Colleague: 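The structure follows.
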Amino acid sequence: MKVGKSRFLLDKRPALKKLVGLLGETYPYVSILGTDVAGKTYRVTTTGIAVKGSDWLERGFVIRVHDGQRYFEYSFNEVDEDSLEGIAEYVRERTGSASKTIKELSLSYTSLTPPEEEKSEIDFEGEVAVLPGQTSPGEIIRKLSAIRDRAHAISEEIVNVMTLMENVRVSKLFVSTRKDLYQSYMWSQAALYVLARRDGITKYGIEGFSGLKGLEILDEMESKIDKVVDNARMLLSAGRIEPGVYDVICSPDVAGLIAHEAFGHGVEMDMFVKGRAKAVEYMDREVASGLVTMHDGAASAREVSSYVFDDEGTLAHDTVIIDGGILKRGISDIISATVLGTEPTGNGKRESFERKAYARMTNTYFAPGSDSLEEMIASIESGYLLENYYSGMEDPKNWGIQCVIAYGREIKDGKFTGKVVSPVMMTGYVPTLLKSISMVSGEIELSGTGACGKGHKEFAKVSSGGPYIKAKARLG
Amino acid sequence: MLEKIVKRLQKADINGWKIEEKFIEGQEYFFVKRELDLSRAKKVRHFDLTVYRDFYESGEKYRGSSSTRLSPTMSDDELQAAIDEAAFAAGFVKNPWYPLVSSSVERLGSHDRDLQELSSNAMEAIFKADNREGAWLNSMELFITRSSHRIINSEGVDVSYTGYRTYIETIVNASGKEEVELYDQLLLSLPEKRIIEERIHDLLAKAIDRSLAVSTPFLKAIPVILTGDPAKEVARYYLNQSSARMKYDRISQVEPGESVQGDERGDRINLSLVPDLEESYFSAPFDEDGFKLSRRDIVKNGLLAGYWGNLRYSSYLGVETTGSAMNFSLLPGSVGIEEMRSRPHLEVPNFSAVEVDEATGDFGGEIRLGWYFDGTKRVPVTGGSITGNLRDIESLYLSREVELESDYLGPKSMMIEGFNIAGE
C-alpha cells in the first residue's frame, strides 16, 4: 500500500519556490530542503506502557545558499507567504555578520565553487504491506503485551521485558533553481529486550527488526521470543574471556558492525577533506582479504536508509567501496565532493532539518562469499562464534576499531563446547582484521535498528550487515 | 500557537495535559583548520505535548498518557487531529495512576547575550590556544544556542526560563611516529575563554603523547586510573543505580540504606544532584514536568540515601520527588592524582568510546591514549582494551582533585583494581 504524501510539503512547495527565487536575486546557488517526518513509538514493558511521537519526528526547512565563494545555511520551522521577504532578509544579514566576524578574527573561508546542478524532477511514494493507521493503538499494544507475556511465561528468571515498535513516514521536498524533488517512504523498527536475573547477576538478550516496512514488522517479533529469552538466561552463566588473539566467526550483524566502523566511517569523504582518513593513502591498494567486497548506498539495498535522493538533492547510488580486497572509492556529500573534485554519491544526510549535512553511511555491507557456516565452524581449532553487538566506535585516522559484542560461543576442534563468554570487546587495526578474513558465507542479512553518530552526535538512520565471516581478532 | 493548543486541549476528552514550548536560536561554525567551511543559523520553535487519560479497572485507578511534537506550522485541522490521536492512544495505555506537578508559576529571566559576540569569543579562545609545536587543530565545530523554555500544564504549572549552551567539537592532530588525532567535545553554558583555552592546550599535549605512543603491553593485576570523561561515566553508573525509574523498571537492585557499590576496598561514593551547576551546559531550574529543582544528596558514604526521579516514578516508589536534574556531583576522594601515579599503573584519559552498562555493570573501551608506568618510567600507550565489571572490582579510589566535565562535577581521576587489560 502507498505510504501517502505530505500535504504540508506539497502545500508549501509554491512558497518555497518563491523563496528560492527571492534569494536567487542575491546568491548564485539556492536550495531548500523541506522535511515532514511523522511517526509513533509504542513501548510495552513489564512495568509500563508508553505511546509517543517518534524521536525522528521533524517538520521544517533548511535553506542553503552559496554566494560564489562560500556556503551558508539557515534552519527554520515557521513560514508563511507573508514571511518570505523577512526570511530572505535574515539570510542576507546573517551571511554578512558571519563574514564580519571571520574577518575580525583574521580567519578565512574555504574557497568553494557552487554545485553544478542538472535539471531534474522526481515524485516518489513508497509502499508497505500494512499501514500503521490500519490498526488501532489498542490492538498494537495488545500484540506487544502478548509478546511480553509469552517471554515472561518461559522463565521466572525474567525480571523485565521490553517490546518496542516504531513506524516512521519520511517525506522530503528539495527545491532549487533546477531541481524539484519529492519523496515519501516508510521505515519501521522493532526491538525485543529481555532482562534476566539469577543470584543478583543481571544480563539481557536483545533482538532488533527493521526495514522499509509498516505494521507487518510486528509479525517478525513473535518468532524470536524463545531465542531472546534463551540468550538472556544463557548469559547469566557466561564467563569472561581470557584476553588474547583468537580465530573468530562473526555473525552477519557483527560483520555489519565491522563494515560500518572499519570502512564505513573510514571512507566518509568529509574526513578526506579534513585529512582525518587514513583511507586516502590507500586508494586502489589492498586493505582487506581478496574475499572482501563492500558496498554502501541508498540504492544498494532495501533497508531503513534506502531513499531516492539525499538531503542535498543528490540521487541515491550503489557505491562499491572495497572490491576484492582493494579500496576503490569513498562516499560523499556535495561540499566534500566539491573540494576533492569528485562526484557526490548521494550520502549527504542530516540528523534533521536543524543540522548540517555530512557524508554519512546508508546501507553498508559485505557482499556474500561461497563458504557455509558449518564449514567455518569445522575449520576452527580454538576460537569463538561472536553474535549480537551492543555498540561500536570508529577511528578513521588511525584505523583502530572498537566493537562491543554481546557474547562469544567457544569452539574447540571444530565443535561448540557449550562455554559462553560475555561481553566481548573486539579491538584492533582495521587492515589487519580485514586481511585476516579467510572464509565468507553465502547469504547476507542487513539490519537497521538504532542510530549511527558522527563522533558523538549527528544521529542518522543507517543499516549494516553481511554474511558470516571468519577472521582473526584481538578480544578482551 | 500555544493559546490555540490550550483552548483545544480544554475541550478534549482528557484528564490532564502538559506542554513544553522551546524556542531555540543558534549560530554554528564549521572549520577545517583555520578556514571556515560553512556557517549556519537556526531559529526553531517546538511544542511537546503530553495528554493524560484516567480510567478504572477492577477498582484500580490508572493513568494513560501519549505524547507528540506539534509544529508551529500545523493547520487547525492537523492540530485537532494530533490532539485527538494522542487522546485516543492514551486511553489504551494502562499505567498505575500518578499525579502531575501542580500550581507553580515562575518566570525566570536571563541576562540577554548576543550570540554573535559569544561565538566570536569562543572562536578567539579556540584559535588562540592552537599554538603548540608538533600538534595542531585539525577541525572544529562550534554551536552557540539560546533556548527559551516554557512549561505549562492542566494543573496550573506555568514556568519559564532561558539558558545558553556552548558545544565545541575539536579534532587535533600531532605528528610523531605517525600522524595521529584525538577527539574532544566540550560542553559549557557560556563560552568561558579560560576553560576553552585550557581544554585545547590539554588536548594538544595529549595528542603529542599519542603520536609517541607504543602499543599497550600485556598487563595483569595492575591498577587502572581513569581520568576525565571515563571517570565521569563510572560516576554516572552509580547515579543510574540510584534512579527511581531504574528501580521501578527492576534494573537497579539497590534499596535505600544499601550500598550502591560492591565489596571493593577504598573510597565510598557521595553523590548529589546539582541542578544549577555553574558553567554546566545542562543546568536548568525545572525538570521536564515543570518541577522546581534543588540540590539533593542521593548517596552518602556509598549508601543510597534516597532515589532521584520525576514525580511519576517517585510516586510509584512512594518516595519524595527530587525531579530529574541534569547535573550531578561526587565529593572528592582520599588520594591525590600524583599519589595514584606513584605506583605502577595504566592511566587512560581517552577511549574510543567508554561503555558502561547500567544493567549489568560491565565496563569496557578501546584505549586511544593511555600512560603506562612500570615503577620507573611513564610511557604513552595506545590500542588494546580495558574490560571489567563495576560490581566485581577489587578497589576504587577517588582523586582529591575535582573538575567539571559536561554534567559532572567530581573527582578528575579514579583508580580501580580488578579490570582486565587486553594488550599485546
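Note that the structure is predicted; figures quoted are calculated from it, not measured. Side chains included, hydrogens not; waters and symmetry mates left out as well; all remaining heavy atoms used. Every chain is numbered from 1 and lettered A, B, ... according to where its sequence line falls, protein lines coming before strand lines.
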Colleague: Under 4.5 Å from any heavy atom of chain A, what part of Glu169(B) do you find: side chain, backbone, both or neither?
Modeller: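 Only the side chain of Glu169(B) comes within 4.5 Å of chain A.
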Colleague: Apply salt bridge (Lys or Arg N to Asp or Glu O under 4.0 Å) to the pair Asp263(B) and Arg391(B), showing each step before the final yes or no.
Modeller: CA-CA 8 Å; Asp263(B) 298 329; Arg391(B) 294 171 192 172; over 6 Å; no
Colleague: At a heavy-atom separation under 4.5 Å, does Leu38(B) approach chain A through its side chain, its backbone, both, or neither?
Modeller: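 It is both, since atoms from each part get that close.
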Colleague: Regarding Glu78(A) and Ser83(A), is there a side-chain donor-to-acceptor distance under 3.5 Å anywhere?
Modeller: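 Distance-only check fails for Glu78(A) and Ser83(A).
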Colleague: Quick one: of Lys457(A), Lys40(A), Lys12(A), who has the most non-hydrogen atom pairs under 4.5 Å with chain B?
Modeller: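 Among Lys457(A), Lys40(A), Lys12(A), the one with the most close pairs to chain B is Lys457(A).
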Colleague: Does Phe61(A) have its ring centroid less than 6.0 Å away from the ring centroid of Phe353(A)?
Modeller: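 Ring centroids of Phe61(A) and Phe353(A) are no less than 6.0 Å from each other.
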Colleague: Looking only at side-chain N and O atoms, does Glu366(B) offer a donor or acceptor that is under 3.5 Å from a partner on Ser385(B)?
Modeller: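 Not at all, the side chains of Ser385(B) and Glu366(B) share no donor-acceptor pair under 3.5 Å.
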Colleague: For chain B, find which of Met393(A), Met425(A), Arg197(A) contributes the most heavy-atom pairs closer than 4.5 angstrom.
Modeller: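 Among Met393(A), Met425(A), Arg197(A), the one with the most close pairs to chain B is Arg197(A).
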Colleague: Measure from NZ or CZ of Lys356(A) to the centre of the six-membered ring of Tyr358(A), then state whether that distance is under 6.0 Å and the direction lies within 45° of the axis.
Modeller: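 The answer is yes; both the distance and angle limits are met.
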Colleague: Which one, Ile386(B), Val93(B), Ile367(B), leads in non-hydrogen pairs under 4.5 Å with chain A?
Modeller: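 Heavy-atom pairs under 4.5 Å are most numerous for Val93(B).
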Colleague: Quick check on Ile140(A) against chain B: is it the side chain, the backbone, both or neither that has a heavy atom closer than 4.5 Å?
Modeller: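 Ile140(A) has no heavy atom closer than 4.5 Å to chain B.
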Colleague: Tell me, side chain or backbone of Tyr316(B) under 4.5 Å from chain A's heavy atoms, or both, or neither?
Modeller: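 Nothing of Tyr316(B), per the 4.5 Å heavy-atom cut-off to chain A.
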Colleague: Who wins among Thr50(B), Thr382(B), Asp362(B) for the most heavy-atom pairs under 4.5 Å with chain A?
Modeller: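 Winner by heavy-atom pair count: Asp362(B).
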Colleague: In terms of heavy-atom proximity below 4.5 Å to chain B, should Arg70(A) be classed as side chain, backbone, both, or neither?
Modeller: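 Neither part, no heavy atoms under 4.5 Å.
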Colleague: Side chain, backbone, both or neither: which part of Glu242(A) has an atom under 4.5 Å from a heavy atom of chain B?
Modeller: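 For Glu242(A), the contact with chain B is made by the side chain alone.
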Colleague: What part of Asp357(B) gets closer than 4.5 Å to chain A, counting heavy atoms only: side chain, backbone, both or neither?
Modeller: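 Just its side chain gets close to chain A.
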Colleague: Among the options Ala422(B), Ala90(B), Ser66(B), Ser352(B), pick out the one with the most heavy-atom pairs lying under 4.5 Å from chain A.
Modeller: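 Heavy-atom pairs under 4.5 Å are most numerous for Ser352(B).
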Colleague: Sort Arg43(A) into side chain, backbone, both or neither according to what part of it lies under 4.5 angstrom from a heavy atom of chain B.
Modeller: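 Side chain only.
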Colleague: Report which part of Val404(A) has an atom under 4.5 Å of a heavy atom belonging to chain B: side chain, backbone, both, or neither.
Modeller: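 Val404(A) touches chain B through side-chain heavy atoms alone.
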Colleague: Taking atom types as modelled, is there a side-chain donor on Arg94(A) or Gln116(B) under 3.5 Å from an acceptor on the other?
Modeller: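 There is such a pair between these side chains.
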Colleague: Answer with side chain, backbone, both or neither: which region of Ser120(B) has an atom nearer than 4.5 Å to a non-hydrogen atom of chain A?
Modeller: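 Its backbone and side chain both get close to chain A.
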Colleague: Side chains of Tyr62(B) and Trp97(B), heavy atoms from C-beta outward: is any pair under 4.5 Å?
Modeller: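 They are not in side-chain contact.
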Colleague: Counting only non-hydrogen atoms closer than 4.5 Å, does Arg276(A) touch chain B with its backbone (N, CA, C, O), its side chain (CB onward), both, or neither?
Modeller: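 Both backbone and side chain of Arg276(A) come within 4.5 Å of chain B.
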Colleague: Between Ile63(A) and chain B, which part of the residue has a heavy atom less than 4.5 Å away: side chain, backbone, both or neither?
Modeller: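 Nothing of Ile63(A), per the 4.5 Å heavy-atom cut-off to chain B.
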Colleague: Go through the atoms of Asp249(B) and report whether side chain, backbone, both or neither lie under 4.5 Å from a heavy atom of chain A.
Modeller: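 Asp249(B) touches chain A through backbone and side-chain heavy atoms alike.
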Colleague: What part of Lys220(B) lies closer than 4.5 angstrom to a heavy atom of chain A: side chain, backbone, both or neither?
Modeller: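 For Lys220(B), the side chain is the part near chain A, not the backbone.
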Colleague: Under 4.5 Å, counting heavy-atom pairs only, tell me which of Lys52(A), Met426(A), Glu104(A), Lys203(A) racks up the most with chain B.
Modeller: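 The candidate making the most pairs under 4.5 Å is Lys52(A).
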Colleague: Report yes if the side chains of Ile334(A) and Ser336(A) come closer than 4.5 Å at any heavy-atom pair, otherwise no.
Modeller: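 No, too far: nothing below the 4.5 Å cut-off.
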Colleague: Go through Ser54(A), Ala50(A), Gly200(A), Ser106(A) and name the one with the most non-hydrogen pairs under 4.5 angstrom from chain B.
Modeller: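 Option with the greatest count: Gly200(A).
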Colleague: Measure from NZ or CZ of Lys43(B) to the centre of the six-membered ring of Phe76(A), then state whether that distance is under 6.0 Å and the direction lies within 45° of the axis.
Modeller: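 Here Lys43(B) fails the 6.0 Å and 45° test against Phe76(A).
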Colleague: Between Val32(B) and chain A, which part of the residue has a heavy atom less than 4.5 Å away: side chain, backbone, both or neither?
Modeller: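 Answer is side chain: those atoms of Val32(B) sit under 4.5 Å from chain A.
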Colleague: Checking heavy atoms, do the side chain of Tyr183(B), its backbone, both or neither come under 4.5 Å from chain A?
Modeller: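 The side chain, not the backbone.
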Colleague: With only heavy atoms counted, which part of Asn398(A) is less than 4.5 Å from chain B, the side chain, the backbone, both or neither?
Modeller: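 For Asn398(A), the contact with chain B is made by the side chain alone.
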Colleague: Verify the distance criterion only: is there a donor paired with an acceptor across the side chains of Asp36(A) and Ser6(A) at less than 3.5 Å?
Modeller: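 Yes, because at least one side-chain N or O of Asp36(A) sits under 3.5 Å from a partner of the opposite role on Ser6(A).
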Colleague: Measure from the ring center of Tyr204(A) to the ring center of Tyr390(A) and say whether it is less than 6.0 Å.
Modeller: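 Between Tyr390(A) and Tyr204(A), which both carry aromatic rings, the centre distance is below 6.0 Å.
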Colleague: Which answer fits Glu181(B), side chain, backbone, both or neither, if we ask what part of it has an atom under 4.5 Å from a heavy atom of chain A?
Modeller: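 Its backbone and side chain both get close to chain A.
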Colleague: Do Tyr167(B) and Gln185(B) have a side chain donor and acceptor closer than 3.5 Å?
Modeller: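 Yes.
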Colleague: Under a 4.5 Å heavy-atom cut-off, does chain A meet the side chain of Leu49(B), its backbone, both or neither?
Modeller: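 For Leu49(B), there is no contact with chain A at all, as no heavy atom is under 4.5 Å.
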Colleague: Describe, in one word, how the ring planes of Phe88(B) and Phe92(B) are oriented to each other, choosing from parallel (under 30°), tilted (30 to 60°) and perpendicular (over 60°).
Modeller: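 Ring orientation of Phe88(B) relative to Phe92(B): perpendicular.
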Colleague: Check whether the side chains of Tyr71(A) and Glu73(A) place a donor and an acceptor atom closer than 3.5 Å, and report yes or no.
Modeller: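 Looking only at side-chain atoms, Glu73(A) and Tyr71(A) do not form any donor-acceptor pair under 3.5 Å.
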Colleague: With chain A as the partner, which of Glu117(B), Glu78(B), Arg69(B), Glu28(B) has the greatest number of non-hydrogen pairs under 4.5 Å?
Modeller: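 Option with the greatest count: Glu78(B).
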Colleague: Among Gly365(B), Gly361(B), Gly383(B), Ser119(B), which residue forms the greatest number of heavy-atom pairs with chain A at distances under 4.5 Å?
Modeller: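 Of Gly365(B), Gly361(B), Gly383(B), Ser119(B), Gly365(B) has the most heavy-atom pairs under 4.5 Å with chain A.
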Colleague: Picking from Ile201(A), Asp80(A), Asp395(A), Val159(A), which has the most non-hydrogen pairs under 4.5 angstrom with chain B?
Modeller: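 Most pairs with chain B among the choices: Asp395(A).
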Colleague: Can His46(B) and Glu58(A) be counted as having a side-chain donor-acceptor contact under 3.5 angstrom?
Modeller: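 No, Glu58(A) and His46(B) have no side-chain donor paired with an acceptor closer than 3.5 Å.
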Colleague: Which bit of Tyr90(A) comes within less than 4.5 Å of chain B, counting heavy atoms only: side chain, backbone, both or neither?
Modeller: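 It is the side chain, since no backbone atom gets that close.
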Colleague: Give, as side chain, backbone, both or neither, the part of Ile141(A) having an atom under 4.5 angstrom from any heavy atom of chain B.
Modeller: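 For Ile141(A), side-chain heavy atoms alone lie under 4.5 Å from chain B.
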Colleague: So what's closer than 4.5 Å to chain B heavy atoms on Val62(A): side chain, backbone, both or neither?
Modeller: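 Looking at Val62(A), just its side chain touches chain B.
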Colleague: Examine whether an atom of Asp37(B) lies under 4.5 Å from a heavy atom of chain A, and if so say whether it belongs to the side chain, the backbone or both; otherwise answer neither.
Modeller: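 Both parts, backbone and side chain.
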Colleague: Can you measure from OG (Ser108(A)) to CZ (Arg34(B)) and round to the nearest 0.5 angstrom?
Modeller: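 Output value for this atom pair is 9.5 Å.
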Colleague: Name the member of Gly476(A), Gly53(A), Ser75(A) that forms the most heavy-atom pairs with chain B at distances under 4.5 Å.
Modeller: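 Of Gly476(A), Gly53(A), Ser75(A), Ser75(A) has the most heavy-atom pairs under 4.5 Å with chain B.
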Colleague: Using side-chain heavy atoms (C-beta onward) and a distance below 4.5 Å, is Ile251(B) in contact with Thr202(A)?
Modeller: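 Not in contact.
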Colleague: Using 4.0 Å as the upper bound for N to carboxylate O, is an ion pair formed by Arg45(B) and Glu21(B)?
Modeller: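 Here Glu21(B) pairs with Arg45(B) in a salt bridge, since their nearest N and O are under 4.0 Å apart.
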Colleague: For the atom pair CD1 (Ile171(B)) and CG (Leu137(B)), what is the distance rounded to the nearest 0.5 Å?
Modeller: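 So the CD1 of Ile171(B) and the CG of Leu137(B) are separated by 9.0 Å.
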Colleague: If you measure from CG on Leu433(A) to CZ on Arg474(A), what distance do you get to the nearest 0.5 Å?
Modeller: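 The CZ atom of Arg474(A) is 11.0 Å from CG of Leu433(A), to the nearest 0.5 Å.
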Colleague: Is Lys278(A) close to chain B through its backbone or its side chain, or both, or neither, when contacts mean heavy atoms under 4.5 Å?
Modeller: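 The answer is the side chain of Lys278(A).
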Colleague: Give, as side chain, backbone, both or neither, the part of Ser65(B) having an atom under 4.5 angstrom from any heavy atom of chain A.
Modeller: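 Just the backbone, heavy atoms under 4.5 Å.
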Colleague: What option among Phe127(B), Phe218(B), Phe351(B) has the most heavy-atom pairs under 4.5 Å with chain A?
Modeller: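 Among Phe127(B), Phe218(B), Phe351(B), the one with the most close pairs to chain A is Phe127(B).
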Colleague: Quick one: what part of Gln253(B) sits under 4.5 Å from any heavy atom of chain A, side chain, backbone, both or neither?
Modeller: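 The side chain, not the backbone.
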